[in-house]
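Structure, as structure tokens:
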Amino acid sequence: MDISQTNTLSKVSFSIEQTVAAISGVLEQLDVPRTLHQPLFRGNEWKYLKDCLDTGWVSSVGSYVDRIEQMLAEYTGAKRVVAVVNGTAALFIAMKLAGVEPGDEVLIPALTFVATANAVAYCGAIPHLTDSEFETLGMDPAKLEAYLADIAQNDGETTRNRFTGARIKAVIPMHTFGHPVDLDPLVELCKRWNLELIEDAAESLGSFYKRRHTGTFGRIGILSFNGNKVVTTGGGGALLFNNEAEANFAKHLTTTARRPHKWEYFHDMLGYNFRMPNLNAALGCAQLENLPDFLESKRILTMQYIEALRNVPGLKIVKEPSFAHSNYWLNALVLDEDVSSLRDAILEATNGSGIMTRPVWTLMHHLPMYKNCPRMDLSVAESLEKRIVNIPSSAVLNF
Ligand SMILES: *Cc1c(COP(=O)(O)O)cnc(C)c1O
């Protein structure tokens with residue numbers, strides 16, 4: 001019998017129990033639901049929804065759509081916002097506007113929710129997968145720069161992949177769990193390589209990079225209001241613009257490209273029916289009124305997790321990067337390398353005791369439809385994939 005193995009195992013099981021107890025203690029103390037993330041409706045949601053029903057404005061025309069766009073522009077500092085049916089559609093439209101064409105390559109993180117890659121594929125373009133850095137969990141600008149110097153060439157206007165011959169048109173960083181990536185070097189990189197910067201800020205409403213809201217650094221940013229995001233419209237998304245004309249074009253494109261006219265149905269190009277319905281916008285307006293409270297309560301929850309797990313060996317809670325103010329949308333444990341084999345045991349133990357936890361998304365190149373996508377060395381993303389466990393992160397109820 002190998003004694004060292006017995007010792008390791010006993011130390012290990014101790015740590016799992018301690019982890020579960022610590023998480024459970026925080027949830028109980030703060031009265032937080034044990035689900036991963038659930039929405040909280042305690043403002044004007046009923047009132048605004050009733051108003052839609054009472055007035056009959058439930059569908060694609062109505063004042064709440066204008067209102068949510070205005071509220072989002074004010075909050076994020078974007079010049080204009082266009083509300084759409086969901087975040088995936090927003091990404092798709094953003095790429096269309098940025099000139100992504102079939103056959104182009106678009107640089108996205110391997111560690112992301114599948115929507116980022118899917119939206120690229122909907123354009124007929126090819127997701128080109130990039131690695132993460134440990135601090136932000138998101139795109140690593142220095143590693144990307146070195147990689148481009150290695151595999152790409154730029155003729156002063158266009159960047160091409162020297163191996164595939166394809167044009168590399170855009171970069172889409174994603175702010176993982178609400179934690180901003182290091183945007184300054186990415187903005188510089190995009191300028192140097194003539195790449196369009198589109199931010200997938202689906203998870204980062206309420207997150208700021210050096211005091212400026214995420215989603216406003218590139219040509220276009222997108223948000224999601226899916227049921228599990230910081231605020232929800234049921235389903236919904238938005239495009240953030242710094243350019244008035246581009247926002248107008250986005251509105252046109254997402255409302256079937258119909259030319260405004262009293263009675264005529266004339267569509268001047270191939271458009272999409274992607275406009276956010278007024279019912280969903282009404283829900284979102286009420287939710288946004290509570291955003292500051294949600295954010296404050298989320299920060300409290302994370303600080304409690306950090307405190308409770310401070311003395312648990314082998315893991316840490318993800319914290320906002322030094323340059324950022326995070327919305328702390330979804331909390332995550334990162335296991336140390338040497339205990340990463342325990343991830344599934346932790347998932348079993350937590351879910352077994354009624355605490356909903358999840359591993360991070362499967363990396364894009366591990367999914368069948370993206371397994372042959374071009375990609376750089378993904379060793380950091382691969383390491384994180386094995387070590388991340390998301391833990392309950394709803395807003396604190398009695399805050
Ligand atoms: C939620 C999310 C989206 C968009 O999701 P929708 O459900 O289409 O609103 C896109 N990217 C990331 C990273 C997301 O988390």
Side-chain angles (χ1 to χ4, degrees), residues 23-53 64-65 67-69 71-72 74-76 81 83 85-87 113 175-179 201-208 213-215 223-238 276-308 317-318 320 325-332 350-351 354-358 390-399:
I23 295 171
S24 179
V26 170
L27 298 177
E28 233 156 80
Q29 186 199 333
L30 294 178
D31 193 12
V32 173
R34 294 181 159 230
T35 48
L36 204 61
H37 199 286
Q38 65 188 50
L40 180 57
F41 306 115
R42 59 163 189 196
N44 288 318
E45 284 85 353
W46 275 114
K47 185 172 153 207
Y48 295 168
L49 286 173
K50 184 171 184 306
D51 182 41
C52 292
L53 298 179
Y64 287 106
V65 178
R67 193 150 139 200
I68 198 172
E69 289 176 345
M71 286 176 87
L72 287 166
E74 254 163 51
Y75 184 79
T76 61
V81 174
V85 286
N86 59 50
F113 177 58
H175 306 296
T176 314
F177 309 147
H179 304 302
E203 305 181 355
S204 65
L205 176 63
S207 297
F208 295 77
H213 198 279
T214 51
L223 301 172
S224 166
F225 311 114
N226 191 18
N228 63 353
K229 297 295 192 327
V230 175
V231 302
T232 187
T233 58
M276 179 186 282
N278 201 48
L279 261 181
N280 301 78
L283 189 65
C285 288
Q287 287 268 289
L288 280 174
E289 289 168 356
N290 282 318
L291 178 60
D293 276 1
F294 291 165
L295 294 175
E296 213 177 323
S297 92
K298 282 177 160 298
R299 186 162 284 267
I300 288 171
L301 176 59
T302 304
M303 295 313 138
Q304 287 295 315
Y305 273 139
I306 290 172
E307 191 55 40
I317 294 279
V318 177
E320 63 197 352
H325 190 81
S326 176
N327 65 2
Y328 282 113
W329 167 56
L330 195 58
N331 287 292
T350 42
N351 285 292
I355 298 170
M356 197 195 270
T357 60
R358 291 283 181 271
N390 288 118
I391 58 177
S393 303
S394 302
V396 177
L397 291 175
N398 297 317
F399 162 70

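Start at 1 with the first residue, then count along the sequence.
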Between [X] (side chain only) and [Y] (backbone N and O only), is there a donor and an acceptor less than 3.5 Å apart?
X	Y	result
Gln287	Leu40	yes
Thr232	Asn226	yes
His37	Asn228	yes
His175	Ala202	no
Glu69	Ala83	yes
Thr214	Ser207	yes

Full working for side chain to side chain contact (heavy atoms under 4.5 Å, CB included) between Val85 and Met276: CA-CA 5 Å; Val85 286; Met276 179 186 282; 5.7 Å; no
Write down the atom of [X], the atom of [Y], and the distance for their closest heavy-atom approach.
X	Y	value
Ala286	Glu45	CB-N, 3.3 Å
Ala332	Phe177	CB-CE1, 3.7 Å
Ala282	Cys52	CB-SG, 3.5 Å
Trp329	Ser393	O-CB, 3.4 Å
Pro392	Thr357	CD-CG2, 4.4 Å
Asn327	Lys298	O-CD, 3.5 Å

Is the closest side-chain donor-acceptor distance between Asn86 and Ser224 under 3.5 Å?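 Not at all, the side chains of Asn86 and Ser224 share no donor-acceptor pair under 3.5 Å.
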Using side chain to side chain contact (heavy atoms under 4.5 Å, CB included) as the criterion, point out the one residue from Leu36, Leu330, Ile317 that pairs with Ile391.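 It is Ile317, the one option of Leu36, Leu330, Ile317 that forms the side chain to side chain contact (heavy atoms under 4.5 Å, CB included) with Ile391.
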Leu72: which residues meet the side-chain contact (heavy atoms from CB on, under 4.5 Å) condition with it, sequence neighbours left out?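 Partners of Leu72 under the side-chain contact (heavy atoms from CB on, under 4.5 Å) test: Ile68, Val81, Leu205, Leu223, Phe225, Ala238, Leu288.
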Nearest 0.5 Å please: distance from the CZ atom of Arg358 over to the OG1 atom of Thr350.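 The OG1 atom of Thr350 is 9.0 Å from CZ of Arg358, to the nearest 0.5 Å.
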Determine all donor-acceptor pairs shorter than 3.5 Å in which one atom belongs to a side chain in residues 24-33; sequence neighbours excluded.
residue: Ser24; atom: OG; partner: Arg34; partner atom: NH2; Å: 2.9
residue: Glu28; atom: OE2; partner: Arg34; partner atom: NH2; Å: 3.4
residue: Asp31; atom: OD2; partner: Asn398; partner atom: ND2; Å: 2.6

